[in-house]
Amino acid sequence: MTATRYLVTSALPYANGPLHLGHAAGAYLPGDIFCRFQRLRGNEVLYICGSDEHGAAILMRARQEGVTPKDVVDRSHERIARAFERFGMSFDWYGRTSSATHHETSAAFFEKLAGEGRFVLRSEEQLFDPEAKLFLADRFVVGTCPKCGNANAYGDQCEACGSSLSAKDLIDPRSTLTSATPVLRETTHWFLPLGDHQEVLAKWIASRVDWKPNVLGQIKSWMEGGLEDRAMTRDLPWGVAVPKAVADAAGVDASGKVLYVWFDAPIGYISATREWSQAHGDPDGWRRWWQNDETQLVHFIGKDNIVFHCLVFPLMLHLHGDYVLPRDVPANEFLNLEGQKFSTSRNWAVWLDDALDEFPADYLRYALCSILPESKDADFSWRDFGARINNELADTLGNLVHRCVTFCVRSFEGRVPPLEGPSDVDREALDQLARTTRAVADSIEHYRFREALAELMNLARHGNKYLSDGEPWKTKKSDPRACANTIHVALQIVASLSILSDPFLPDIAQRLRGRLGLGATRREPQDAGLSWDAAAQPLLEVGATVHDGEALVPKIEDSAIEAQLAKLEAASRAATGTATEAADASSSAAAYAPLLPTIAFEDFAKIDLRIGRVLSAEKMKKSKKLLRCEVDLGFEVRQILAGVAEHLTPEDLIGKQVVVVANLAARPMLGTESQGMLLMAEGRDGKLSPATAAQEAGATVR
RNA sequence: GGCGAGAUAGCUCAGUCGGUUAGAGCGAAGGCUUCAUAAGCCUUAGGUCGCCGGUUCAAGUCCGGCUCUCGCUACCA
């Protein structure tokens, strides 16, 4: 078999916080299983990852914490890298995009594309914070929403009304960094004209018929919407600087300009590969991987990264011209936690390193692998975790090993007994080894890791049945030869399992091989270790010594599971204040909304607040959020559209006496005019409830 | 509203090109067993394949419509 060359990447984790189990299940565990398998198989594998350390969010976090961006990424990089190591990730290189090599590589990449006229320069006005001397990403401007009047709308989106906004449209904008009033200032950026290359991309995608439907569907969705130019640079003091030569050639002052994080991050795969080859004393070695048509480039990512890995980065590679394009991008969907989305702000999460403090990596790997969100969003629950480990991994696999080995130790002095005159059943059981080896391999090749794991566990179930049927504890006296055959075959099954489980459960597999006196598995094509195909045939020599020991897979106590549940609830409650209803899946910031700047009394006096009685309320057609209400203000009845349908039913409002902004300019929405605004109180859990008062309709509110 | 993905047993999920009685694991019930980690094996129960209509000799599978969930997007207090 000629070795295939696999260049595999897992999405670069963003160095802004720790990893949770959802990350692990999305891009990392599948990539690791794939790589470990391909190495065992004898293929050439280079597995690359690293920390993504640029971007506005990291800069902002640093400012909030009063530290430098480098402090933030150093800390995160450390924590993430350590968690990966403990989780058993077998990266050949784990880099970071703040490295010199990366800066150099991505700047050169940018320079080449710029030199060949691949970008479009465009100037536009953006908000600038004169105190911080920074251009502000939309996210870092707050102000009054022009649509709904919410005074705390973010520049990219108003969380009150859900509007997508541009920061420039905010009324009374201010910087979240300094509270200064931003000013409009012109700035120039390099745009990648994706639309110009839509046909090339469409053609390329059309050749990828074997990609997962969720990936192709996403791509199709983007393509049909028409690809738009995307800015590949930003005004930020943190990141890979726009090369001076490029800026000079364009006649642009590049000071304070960096590459957009989504331009530089995927290049991180390339620069990490360069670092790897430098570290191996072969500075040009990376080219053999990236600049070679025979390389199978595979990106493991979560579904949020599809557009970049399937359209933007491939286009960048294509335009550059020297690189291979991805062979496959097996993106996973998302993992939920106990039925709800992972949420950092609500602290609804299980952090990978915390989980590794409590349970062996292989337990997490097993449980996550059996529920990987391969075709749709999946759910991690602690009780399910406990059941899978105890009922499957411990009872089916761990106990099979134990019963075979202890029997061998007690009845055959720990030596693999000979196989003499095997029965049909014995032969059939040995034949199963080849079938399972093939089936598991086939599943992994198609990125069906759940299926692969199930196939592997089926062999363990076969083993248990084979033992029960053979009843060696009876034949030990009645038919010693049959007894020996049964134990011989059962041990061969266990031996194969020690290979087949290696990609999934590297630690358990290794300890198992230790007990069977088997050596290491193959890491490189030429290396002499045990190969994947070894699992297809009997592996143990007659007379070889096996050892008994502590349980290979100790069970988890129920109390440990309950403790995790309690911990999760407690952390969530602490983050969301009094909210105990964990069932609320609506996303919202856990913190109190920041206090707005002081206003003059005269400003306040302009607002005419009245009590209104809600006469009727009904859902608006064609709208997810709007309720159409008729509100009696005493002196007249108004039609008011309230964007609360996701929180309240019409019955929640009908008959209520609520506070109304009575002198708000009327505005049409979805063709219907709204003549005012109902005031709502928004809790930190994001839930709305009407601001009510027990006064007659028309009463003023001061 | 538009686009994409999904909905199959109590739970987690398979189900290929339309083809016999819709499968697996876990859980449940009953039985057997004792080498073993209160383990193992066997048997059984459990499904209107989200809903409605259509094509077909035949639909979980193909087509149309609808409902719900998730994501993106539009409108939007």
Side-chain angles (χ1 to χ4, degrees), chain A residues 145 147-150 158 160-164 212-225 303-304 306-307 333-334 336 341 367 370-381 383-384 387-388 390-411 448 450-451 453-455 457-458 461 463-476 483 486-487 490 548 550-555 585 620-627 629 640-647 661 664 667-672 674 676-680 682 688:
Chain A
C145 174
K147 314 263 174 90
C148 73
N150 164 31
C158 172
C161 68
S163 304
S164 300
K212 290 169 61 166
N214 58 337
V215 174
L216 289 176
Q218 277 284 324
I219 295 170
K220 198 174 143 228
S221 177
W222 277 87
M223 298 282 252
E224 280 175 2
K303 68 176 167 186
D304 50 335
I306 288 175
V307 64
E333 301 287 300
F334 285 156
N336 291 328
K341 281 180 246 189
S370 50
I371 58 166
L372 286 178
E374 288 170 355
S375 57
K376 57 185 170 186
D377 290 354
D379 188 49
F380 178 90
S381 90
R383 289 203 174 94
D384 179 70
R388 282 182 192 279
N390 288 348
N391 303 337
E392 297 177 30
L393 192 59
D395 287 350
T396 304
L397 181 64
N399 186 45
L400 170 68
V401 171
H402 187 59
R403 60 196 300 217
C404 293
V405 173
T406 51
F407 200 100
C408 181
V409 167
R410 286 183 199 167
S411 304
R448 295 195 294 252
R450 275 193 321 224
E451 184 182 270
L453 186 65
E455 208 57 68
M457 290 303 290
N458 270 337
R461 287 183 197 100
N464 276 314
K465 178 170 166 49
Y466 171 80
L467 266 189
S468 293
D469 291 350
E471 297 185 308
W473 48 94
K474 284 186 180 163
T475 57
K476 186 177 172 183
C483 176
T486 301
I487 295 305
D548 206 353
E550 293 294 300
L552 198 62
V553 184
K555 290 204 186 191
M620 286 270 291
K621 276 181 195 165
K622 304 192 175 190
S623 168
K624 269 189 232 172
K625 297 179 180 170
L626 295 179
L627 291 183
C629 307
I640 296 180
L641 306 186
V644 298
E646 289 184 313
H647 301 274
V661 182
L664 192 65
R667 59 181 295 134
M669 285 179 284
L670 294 175
T672 306
S674 180
M677 181 167 159
L678 303 187
L679 293 192
M680 296 284 153
E682 182 180 4
L688 297 182

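The chains referred to below are lettered A, B, ... by the order of the sequence lines, with proteins before strands, and numbering in each begins at 1. Atom set for the values below is all heavy atoms of this structure, side chains included, hydrogens, waters and symmetry mates excluded.
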Rounded to whole angstroms, how far apart are [atom1] on [X] and [atom2] on [N]?
X: A:Lys474; N: B:G40; atom1: NZ; atom2: P; result: 18 Å
X: A:Glu455; N: B:A24; atom1: CD; atom2: P; result: 14 Å
X: A:Asp548; N: B:U37; atom1: CG; atom2: P; result: 9 Å
X: A:Lys303; N: B:C72; atom1: NZ; atom2: C1'; result: 10 Å
X: A:Asn464; N: B:C32; atom1: CG; atom2: C1'; result: 16 Å
X: A:Gln218; N: B:G2; atom1: CD; atom2: C1'; result: 14 Å
X: A:Glu471; N: B:G40; atom1: CD; atom2: P; result: 16 Å
X: A:Asp304; N: B:G71; atom1: CG; atom2: C1'; result: 10 Å

* Structure fact -> Across all chains, not counting sequence neighbours, the side-chain hydrogen bond (donor to acceptor under 3.5 Å, both in side chains) partners of A:Glu333 are A:Asn214, A:Lys303

* Could you tell me which non-hydrogen atom of A:Leu393 sits nearest to which non-hydrogen atom of A:Val553, and how far apart they are? => CG-CG1, 3.8 Å

* Could you tell me which non-hydrogen atom of A:Glu374 sits nearest to which non-hydrogen atom of A:Arg448, and how far apart they are? => OE2-C, 3.7 Å

* Within less than 4.0 Å of OP1 or OP2 of B:C35, is there a side-chain N or O belonging to A:Lys476? -> no

* Asked: Closer than 4.0 Å, any side-chain N/O of A:Arg410 to the OP1 or OP2 of B:A36?
  -> yes

* Are A:Asp395 and A:Lys555 close enough that some pair of their side-chain heavy atoms sits under 4.5 Å apart? -> yes

* Does a side-chain heavy-atom distance below 4.5 Å link A:Ser375 with A:Arg450? -> yes

Value rounded to 0.5 Å, distance of [atom1] in [X] from [atom2] in [Y]:
X: A:Met223; Y: A:Leu216; atom1: CE; atom2: CG; value: 10.5 Å
X: A:Leu400; Y: A:Met457; atom1: CG; atom2: CE; value: 9.5 Å
X: A:Asn458; Y: A:Glu451; atom1: CG; atom2: CD; value: 10.5 Å
X: A:Thr396; Y: A:Arg388; atom1: OG1; atom2: CZ; value: 12.0 Å

Options [options], nucleotide nearest the side-chain atoms of [X]:
X: A:Asp395; options: B:G71, B:G40, B:G25; answer: B:G40
X: A:Ala394; options: B:G40, B:U37, B:G25; answer: B:U37
X: A:Phe407; options: B:C35, B:C41, B:U33; answer: B:C35

* Any chance you could list the contact pattern along nucleotides 11-16 of chain B? Use B for base contacts, S for sugar-phosphate-only contacts and - for none, protein heavy atoms under 4.0 Å, 5' to 3'. => -SSS--

* Secondary-structure string, 5' to 3', Watson-Crick or G-U under 3.5 Å, | for another-strand partners, for RNA chain B -> (((((((..((((.....[...)))).(((((.......))))).....(((((..]....))))))))))))....

* To do: Using heavy atoms to find the nearest nucleotide of RNA chain B for A:Phe334 and A:Ser468 separately, return the residue whose nucleotide is more 5′.
  => A:Ser468

* Asked: Mapping A:Ile640 and A:Leu393 onto RNA chain B by nearest heavy atom, which one lands closer to the 5' end?
  ->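 First, find each residue's nearest nucleotide; the 5'-ward one identifies A:Leu393.
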
Under 4.0 Å, heavy atoms only, any strand: does [X] hit a base, just the sugar-phosphate, or nothing?
X: A:Val307; result: nothing
X: A:Asn399; result: base
X: A:Lys465; result: sugar-phosphate
X: A:Ile219; result: nothing

* ring centroid sep under 5.5 Å plus plane angle under 30, A:Trp473 with B:C35 -> yes

* **Any side-chain donor near an acceptor of the partner, A:Asn464 and A:Arg461, under 3.5 Å** =>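 Not at all, the side chains of A:Asn464 and A:Arg461 share no donor-acceptor pair under 3.5 Å.
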
